[in-house]
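The structure appears below as structure tokens.
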There are 2 protein chains.
Amino acid sequence: MTSQPLFHHPVCLLGRLDFHVQEQFTKVLAPLHLQPRQFGLLSLLTGSDGQSQQQLCESLDVHRNVMVGLVDELEQRELVERRRHPGDRRAHAVHLLPAGRALQAQAEQLLDELESELLGGLDRDEVRTLISLLQRVSRDAGLDLIPHPGLTAGAPAAGR
Amino acid sequence: MTSQPLFHHPVCLLGRLDFHVQEQFTKVLAPLHLQPRQFGLLSLLTGSDGQSQQQLCESLDVHRNVMVGLVDELEQRELVERRRHPGDRRAHAVHLLPAGRALQAQAEQLLDELESELLGGLDRDEVRTLISLLQRVSRDAGLDLIPHPGLTAGAPAAGR
DNA sequence: TATTGTTATACTCTATAACTATA
DNA sequence: TATAGTTATAGAGTATAACAATA
């Protein structure tokens with residue numbers, strides 16, 4: 001036993017790396033007063049504005065009570081706005097405001113820089129390989145990486 | 001924008017996958033009444049018995065107050081034992097008891113099975129590549145994967 | 001003076017349940 | 001009856017500080 005057996009386990013390796021990465025991610029976003037999940041929320045809206053809180057919950061994998069607080073804070077800061085949902089009067093349609101779009105772009109740039117640092121030791125092909133392998137494992141585990149409606153089965157599966 | 005932009009980010013992809021993986025890991029260990037960190041603790045002792053709580057803290061990346069509780073429970077279950085530390089009377093030397101060694105082996109087998117499931121969609125080379133890439137990124141980030149003393153620099157670096 | 005282990009306290013996060021208004 | 005959003009409450013988990021024994 002010359003080297004640490006614990007981190008021969010992919011599960012442990014993944015756990016330790018992710019812990020560090022999420023910590024860095026949180027630190028990078030802190031000056032923008034954004035939590036990672038709030039960044040995720042803004043990013044989802046960038047892709048498809050006006051989703052209900054329930055839809056956002058499923059994509060972000062948080063409970064709906066938590067979503068209330070996330071949207072509350074973003075709405076107070078006028079980054080996001082609750083409007084009437086067309087077609088379901090129980091639901092709110094969450095819309096991105098200009099300041100929210102701008103902040104998301106800013107955050108995304110910081111994230112890109114962080115990822116450049118984290119993956120700086122790998123070349124382009126290795127980065128592509130790593131992402132592709134993580135995506136495959138995720139999909140095999142049944143995680144929705146493309147939570148858009150209407151893509152139930154046989155989706156185009158970009159880059160696999 | 002046809003596919004979800006959030007999970008093009010390695011940081012988000014890693015986070016979501018790890019969340020799922022750690023959840024599965026926790027479920028798999030539950031019948032043994034072991035938390036992932038307790039498994040980690042037992043595994044560290046398997047590699048090198050009699051470490052101080054402080055040493056275990058650094059390897060597992062938990063605070064020393066948390067370690068007290070982890071060892072407490074394992075000691076109550078007679079999986080582990082606190083003995084006098086030779087050379088430092090402030091410290092405790094944590095030793096693995098036979099039942100602890102047996103339980104660790106059992107847990108490790110369950111973990112191996114989980115990993116086979118999780119990585120079942122990849123072939124041998126792909127698994128090796130994934131682990132190797134994760135290890136490189138971890139090392140580049142300064143994470144100690146081989147926390148053994150005396151291996152400060154120029155370690156053999158298995159599989160890199 | 002610094003460090004190991006320990007305990008107590010406060011704070012954050014999360015999970016559960018209940019409620020309302022709609023469907 | 002079931003669902004979207006909200007609120008309140010309790011529990012788990014975490015971080016901070018303080019303490020005794022030893023270095």
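Atoms considered below: every heavy atom in the structure, side chains included; atoms not considered: hydrogens, waters and symmetry mates. Here is the naming used below: chain letters follow the sequence lines, and residue numbers restart at 1 for every chain. Not measured: the values here are computed from a predicted model.
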Distance-only, no hydrogens or angles: does the Q22(A) side chain make a donor-acceptor pair with backbone N or O of V11(B) under 3.5 Å?
yes

Without decimals, in angstroms, what is the distance between R64(A) CZ and dT7(D) C1'?
11 Å

For the pair E73(B) and R77(B), find out whether any cationic side-chain nitrogen is under 4.0 Å from an anionic carboxylate oxygen.
yes

Rounded to whole angstroms, how far apart are CZ on R83(A) and C1' on dG5(D)?
19 Å

Under-4.0 Å side-chain N/O to phosphate OP1/OP2 contact, H63(B) with dG13(D):
no

Heavy-atom donor-acceptor pair, R90(A) side-chain to dT3(D) base, under 3.5 Å
yes

Are L29(B) and V62(B) in one and the same hydrophobic cluster, where Ile, Leu, Val, Met, Phe, Trp and Tyr link if side-chain heavy atoms are under 4.5 Å apart?
yes

Between H92(A) and dT6(D), is there a contact of a side-chain N or O with OP1 or OP2 at under 4.0 Å?
yes

What integer distance in Å separates D72(B):CG from dT4(C):C1'?
15 Å

So, does Q53(B) get its side chain near the phosphate of dT6(C), meaning an N or O under 4.0 Å from OP1 or OP2?
yes

Minimum-distance nucleotide (side-chain atoms of V68(A) versus dT22(D), dG5(D), dT4(C)):
dG5(D)

Drop me the distance from E113(B)'s CD to E115(B)'s CD, to the nearest 0.5 angstrom.
11.0 Å

Can you tell me which residue among D72(B), L70(B), L41(B), V94(B) is in a side chain to side chain contact (heavy atoms under 4.5 Å, CB included) with V80(B)?
V94(B)

As a test of reading the structure: which of dA4(D), dT6(C), dT22(D) is closest to the side chain of R82(B), going by heavy atoms?
dT6(C)

What is the separation between atom CZ on R37(B) and atom C1' on dA12(D), rounded to the nearest whole Å?
11 Å

Send over the distance from Q54(A) CD to dA4(D) P, rounded to a whole Å.
4 Å

Report yes if a donor N or O on one partner sits less than 3.5 Å from an acceptor N or O on the other, where the partners are the side chain of N65(A) and the base of dT16(C); otherwise report no.
yes

Could you state the atom-to-atom distance from CZ of R84(B) to P of dA21(D) in whole Å?
16 Å

Rounding to a whole Å, what distance do you find between H85(B):NE2 and dG5(C):P?
9 Å

Whole Å only: how far is the CZ atom of R89(A) from the C1' atom of dA2(D)?
18 Å

